[in-house]
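Down below is the structure, laid out as structure tokens.
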Amino acid sequence: MSFDLRIKKRIGERSIDLTMSDSAGLVALTGPSGAGKTTVLNCIAGLMVPDDGHIAIGGRTLFDRASHTNLPPEARSCGYVFQDSRLFPHLTVVRNLAYGEALASSEDRWIDLMEVACLLEIADLLDRHPASLSGGETRRVAIGRALLAAPRFLLLDEPLASLDPARGEQVLQCVERIRDELGLPMLYVSHDAAEVARLTDRVVELPLAR
Amino acid sequence: MSFDLRIKKRIGERSIDLTMSDSAGLVALTGPSGAGKTTVLNCIAGLMVPDDGHIAIGGRTLFDRASHTNLPPEARSCGYVFQDSRLFPHLTVVRNLAYGEALASSEDRWIDLMEVACLLEIADLLDRHPASLSGGETRRVAIGRALLAAPRFLLLDEPLASLDPARGEQVLQCVERIRDELGLPMLYVSHDAAEVARLTDRVVELPLAR
Amino acid sequence: MIAPLSAEELGIIGLSLKVSLVAVAATLPVAYALAWLLARKRFPGRVLLDAFVHLPLVVPPVVTGYILLILFGRTGPIGSWLEAQFGLSLAFRWTGAALAAAVMALPLMVRAMRLSIEMVDQHLIDAARTLGATRWHAFRTITLPLSLPGILAGTVLGFARSIGEFGATITFVSSIPGETRTLPLAIYSALQIPGTDVVVARLVVLSIILSLFALLVSEWLIRRSGGKGAHVL
Amino acid sequence: MIAPLSAEELGIIGLSLKVSLVAVAATLPVAYALAWLLARKRFPGRVLLDAFVHLPLVVPPVVTGYILLILFGRTGPIGSWLEAQFGLSLAFRWTGAALAAAVMALPLMVRAMRLSIEMVDQHLIDAARTLGATRWHAFRTITLPLSLPGILAGTVLGFARSIGEFGATITFVSSIPGETRTLPLAIYSALQIPGTDVVVARLVVLSIILSLFALLVSEWLIRRSGGKGAHVL
Amino acid sequence: PSEPKGPVVLAASSLQAPLEELAEQWRASGRPPPVLSFASSPALARQVQSGAPGDIFISADREWIDYLAQQGDLDEAGLRTIASNSLVLARHDDGTSISREEVLSQLGEVPLATGDPETVPLGRYARQALTSEGLWDKAESSIVPTQSARAAMVLVKRGEAPLGMLYASDVAEEADLETVLAFSRDSHDPIDYIAMILPASGHPDARGFLEFLASPKSAAVFARHGFKRP
Ligand SMILES: Nc1ncnc2c1ncn2[C@@H]1O[C@H](COP(=O)(O)OP(=O)(O)OP(=O)(O)O)[C@@H](O)[C@H]1O
Ligand SMILES: Nc1ncnc2c1ncn2[C@@H]1O[C@H](COP(=O)(O)OP(=O)(O)OP(=O)(O)O)[C@@H](O)[C@H]1O
Ligand code: MOO
Ligand SMILES: [Mg+2]
Ligand SMILES: [Mg+2]
């Protein structure tokens with residue numbers, strides 16, 4: 001079972017309630033703006049604590065309220081591409097990319113820095129600081145950083161935002177390869193129906209609930 | 001003539017060179033990530049000074065190196081939706097929206113706060129602070145803020161990023177109305193070919209130049 | 001030790017509060033302007049200005065007081081001019097004590113404010129400008145509120161320093177009961193006589209309470225502003 | 001006036017530098033830890049800790065020196081313990097002067113650092129955690145470097161304050177040439193003797209130069225770090 | 001640092017000039033130079049009380065000596081008076097000449113700087129002296145109380161306070177100061193500088209240096225700096 005989730009979380013005036021059990025490698029998460037997609041990813045990454053429920057991915061339990069299990073984020077091995085990128089402003093691009101790589105044990109890694117740089121065409125940005133990157137460049141570095149942390153599953157919050165079609169296509173192909181060759185569980189947030197249809201037929205729609 | 005632009009600008013290691021004369025109301029600006037689209041918009045808005053050239057929109061000269069014309073940003077009356085939204089973190093949503101509105105003279109306004117709130121479905125966010133908004137909510141507030149400043153032309157840097165199809169469609173319809181009814185010149189940056197095709201047949205492609 | 005406050009103690013506290021509040025209030029705009037200049041402008045002599053602002057911190061307070069005496073005393077160039085032009089006399093007056101406190105508080109206030117101003121994201125100011133804000137309007141509505149944490153921190157530091165100011169004050173305006181004898185000067189006076197430990201202890205506790213109070217007010221102000229000033233997203 | 005430095009002046013400068021550098025270096029980690037606690041943790045007694053940190057600012061320096069004397073003197077509870085356990089004597093030693101300078105610099109250092117820590121975007125720390133960083137690693141690699149502007153500002157303030165410290169030092173460790181007579185104490189000393197205006201002026205200029213130097217070093221450090229520490233996007 | 005050090009002397013700041021000269025004489029006679037540390041008498045007294053590692057304490061104020069003796073911190077038998085001082089009414093010398101009567105008529109009209117009568121010895125003596133001359137009631141309202149004798153002198157010297165009740169020793173070596181009236185010894189308590197060996201002292205030269213300070217030869221040095229023989 002790739003995903004075994006039951007997440008209940010109240011945030012502001014909104015109640016998020018998601019239950020999902022799926023053995024598909026890649027599940028798309030859609031829903032209107034403000035429905036709680038990012039909140040769900042944050043709960044899975046360990047950055048927010050659900051009010052109730054259970055989170056297991058790839059057979060590993062990350063959170064379980066009943067048994068008081070709650071792994072800290074660093075123990076969850078997730079590759080999270082944030083909606084707002086969150087590059088470290090004081091580090092160059094290459095040090096942003098290497099940040100998670102250096103913390104992962106080498107046998108867990110399945111891609112290296114040069115592959116990522118070529119794949120995402122960021123090789124000539126390596127010595128720059130994030131403040132000088134364009135929107136799409138920032139996005140690509142954020143994706144690369146997540147892949148390099150040797151994650152056991154991926155959380156992608158609109159990874160293709162700000163990417164032009166050519167670069168978007170490359171990222172999509174990479175996602176497909178990861179899905180097919182590595183079989184990493186992936187939760188993919190997108191508003192683009194075509195994109196989603198191409199990647200998977202498992203779509204979870206989060207409604208705008210009160 | 002809506003747009004009469006000749007912009008030369010070196011930024012980092014990239015040389016941007018754009019010449020464009022168009023009487024169409026809405027021109028799409030496309031090009032690969034890092035080509036300089038945002039830089040062009042910044043030059044038009046007056047946030048960056050081109051190394052050389054000339055910027056006139058709707059017949060008004062905003063910049064002309066030859067005659068040393070260089071209007072400050074606040075005198076250009078542009079509605080700029082930034083790629084990274086840039087909401088004011090210390091102001092509530094309603095005060096973000098009203099920021100530019102309060103500075104515009106009332107006869108220049110062509111939309112009011114309630115219309116914007118309904119159109120973008122942000123009426124129940126009005127008292128919140130930006131830090132608590134979702135990605136799409138942030139985007140919608142940023143669009144609303146730009147429209148309310150009574151601009152004489154619009155610069156839209158991927159306005160639909162992070163928006164779900166339903167809300168994206170509403171924004172698109174609004175853009176079409178502005179184009180058709182008000183005839184405001186608009187420069188529209190997008191990576192989505194379908195979106196661009198629907199709005200205009202005037203597409204300027206910025207190449208990745210060195 | 002826990003007897004109620006005597007009239008004399010109340011007088012000293014009132015004077016200390018008056019001196020410190022006037023000093024901080026008067027310094028606030030000057031300090032902020034200097035902080036803004038140092039944070040946002042590059043001009044020749046910037047490092048010199050920076051050094052000049054730090055001077056009262058580096059030079060021993062007694063020397064600062066002596067310099068104030070030379071400049072602002074009745075016979076000093078500025079002091080005699082102020083007296084002639086505005087009838088404003090600083091020598092041996094509480095206004096002089098406030099001047100001394102202000103000078104000593106200035107570097108602390110400037111540094112905290114400068115730090116905060118430097119952290120304000122320039123992109124937000126750009127955004128304000130495209131929305132029609134002049135430089136000045138953007139400053140008032142964006143830079144100023146976003147640097148509020150620094151303004152508060154600077155004010156607390158400055159107020160605490162003013163409450164504790166001793167060396168410059170006593171050198172510049174002496175220790176005249178009811179006019180310039182603030183809390184620290186009263187404490188020092190008491191320390192000069194043997195066997196006054198209880199008096200000293202009471203006065204020290206009083207100054208601590210005063211500044212604890214200032215701290216609480218500042219915490220409350222930060223909380224009231226919803227901590228929103230602190231977000232420089 | 002512009003004669004080269006005498007051996008005595010060099011000795012005083014050397015001592016002042018030693019005392020201030022040791023004071024600031026030793027206080028740095030303590031101040032940062034306190035700043036972090038105050039910025040990031042909510043615990044009972046937080047406001048009290050905050051007030052306690054501000055104390056040396058509020059209490060007149062002479063009183064601070066007196067309290068140090070009572071606690072750290074040879075017969076004081078901490079002083080006698082230090083002496084017995086480690087053979088470390090502070091009374092009338094330069095180490096005592098460094099302790100006095102450190103105590104007086106502490107509140108300034110804590111405030112500046114705290115301001116900077118509060119400005120670090122928590123979302124970046126979240127990002128680091130998902131990349132495998134423990135709390136401690138994220139602190140070291142994100143919070144610490146991003147609060148560098150505050151660390152530098154605090155260090156400059158603290159160093160300047162240490163260079164200028166007078167009241168607490170003379171009360172705690174007296175004014176012993178070569179051992180505790182730092183620049184301000186030497187200035188005070190010179191002020192006691194008639195006809196020493198030139199000596200005083202030279203010493204004041206020397207302290208100004210010392211701290212100007214510290215300022216320049218800090219500006220250079222900020223520039224070397226590419227000003228990148230200042231971006232808290 | 002390897003050269004041997006003489007006894008550590010904790011002394012009132014007002015004695016700095018003559019003591020430095022005496023220390024130099026002592027050194028010139030071939031003995032290790034004493035280490036001189038100056039601060040205000042109250043500060044020094046408190047340092048003594050907390051076990052200061054000094055050899056000799058010289059106070060400008062009898063009260064603190066009595067206090068320490070009372071606390072059992074020192075032995076009154078070993079006290080030596082090494083110098084005395086006297087009191088003068090001084091005026092800022094602004095170049096004009098003015099009669100004593102005119103100056104006395106200004107009492108109470110213009111600021112008169114002196115030590116704080118409540119806390120500073122100079123002020124205490126000044127009050128006694130003015131009272132005995134029948135001038136205190138007139139002068140009291142215009143007193144500017146300072147925290148040290150030296151600070152009072154600076155105010156008069158700079159003309160901030162046109163008049164001052166000062167120590168003769170402070171007036172002696174300053175320009176811009178003019179003595180208007182010298183007070184007799186019996187118009188106030190004796191102004192004595194008292195030296196003693198501290199209980200903690202272990203320095204072999206301590207007693208020798210104390211005797212040197214109390215010697216007629218030293219008295220001449222003190223006199224040259226405006227002090228009086230005890
Ligand atoms: N601190 C908060 N206080 C109040 N409401 C909040 C807070 N944080 C988030 N919310 C609300 O919770 C809801 C869910 O937010 P979330 O970011 O998960 O949405 P999303 O599905 O990712 O939306 P988008 O597609 O726009 O990014 C939003 O309506 C948001 O306004
Ligand atoms: N300060 C700088 N130093 C060096 N290079 C810079 C700097 N600022 C921007 N650039 C580069 O200039 C180029 C143009 O940037 P711009 O933001 O205009 O691109 P863009 O077309 O908007 O891209 P995107 O679609 O990714 O947003 C990018 O390659 C960027 O890396
Ligand atoms: O350092 Mo001071 O001169 O006691 O305020
Ligand atoms: Mg989201
Ligand atoms: Mg862009």
Side-chain angles (χ1 to χ4, degrees), chain A residues 11-14 16 29-42 82-85 120-122 124-125 127-141 157-158 160-171 189-196 205-208 210, chain B residues 11-14 16 29-42 82-85 120-122 124-125 127-141 157-158 160-171 189-196 205-208 210:
Chain A
I11 180 159
E13 292 174 352
R14 210 140 260 168
I16 294 156
L29 187 61
T30 65
S33 163
K37 304 177 291 295
T38 300
T39 305
V40 165
L41 299 196
N42 283 340
F82 295 93
Q83 194 169 11
D84 53 354
S85 294
L120 299 165
E121 292 182 57
I122 49 182
D124 32 326
L125 305 176
D127 291 328
R128 297 257 296 273
H129 274 91
S132 77
L133 299 182
S134 78
E137 288 163 351
T138 302
R139 204 79 198 121
R140 287 178 274 157
V141 175
D157 204 345
E158 303 189 49
L160 268 45
S162 309
L163 291 192
D164 55 285
R167 268 152 213 88
E169 176 61 30
Q170 266 168 309
V171 172
V189 174
S190 172
H191 292 301
D192 189 313
E195 203 177 299
V196 167
E205 164 108 19
L206 210 58
L208 244 191
R210 280 261 142 194
Chain B
I11 180 158
E13 292 174 352
R14 209 140 260 166
I16 294 157
L29 188 60
T30 65
S33 164
K37 304 176 294 297
T38 300
T39 304
V40 166
L41 298 196
N42 284 339
F82 294 93
Q83 194 168 10
D84 53 354
S85 294
L120 298 165
E121 293 183 57
I122 49 181
D124 33 327
L125 305 177
D127 292 327
R128 298 256 296 273
H129 275 92
S132 76
L133 299 181
S134 79
E137 289 163 350
T138 302
R139 203 81 198 118
R140 286 179 274 156
V141 176
D157 205 345
E158 304 189 49
L160 268 44
S162 309
L163 291 192
D164 55 285
R167 269 152 213 89
E169 176 60 31
Q170 267 169 310
V171 171
V189 174
S190 172
H191 292 301
D192 189 316
E195 202 177 300
V196 166
E205 164 108 20
L206 210 59
L208 244 191
R210 278 266 139 188

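Just the heavy atoms: all of them, side chains too, but no hydrogens, waters or symmetry mates, feed the values below. Every chain is numbered from 1, with letters handed out A, B, ... down the list of sequences.
Each of A166(A), S132(A), S85(A), G34(A) has some count of heavy-atom pairs under 4.5 Å with chain B, and the biggest count is that of G34(A). When L160(B), D157(B), L163(B), T30(B) are compared by the number of non-hydrogen pairs under 4.5 Å with chain A, L163(B) comes out ahead. Put simply, of K37(A), E158(A), R128(A), the one with the most heavy-atom pairs under 4.5 Å next to chain B is E158(A). Note on G31(B), G135(B), A193(B): by heavy-atom pairs under 4.5 Å with chain A, the leading option is G135(B). Contacts with chain B were tallied for G168(A), G12(A), G36(A), G136(A); G136(A) has the most, counting heavy-atom pairs under 4.5 Å.
Residue H191(A) comes nearest to P165(B) through the heavy atom pair O-CG, 3.4 Å, listed as atom of the first residue, atom of the second, then distance.
Of the possible polar contacts, one joining the D164(B) side chain to the S33(A) backbone as a donor-acceptor pair under 3.5 Å is found.
The pair R14(B)-E137(A) counts as a salt bridge, with a side-chain nitrogen and a carboxylate oxygen less than 4.0 angstrom apart.
Atom CD of residue Q83(B) and atom OG1 of residue T138(A) lie 8.0 Å apart, to the nearest 0.5 angstrom.
For S162(A), the parts sitting under 4.5 Å from any heavy atom of chain B are the backbone and the side chain alike. Contact annotation for R140(B): only side-chain heavy atoms (C-beta onward) come within less than 4.5 Å of a heavy atom of chain A. At a 4.5 Å heavy-atom cutoff, R139(A) makes no contact with chain B through either its backbone or its side chain.
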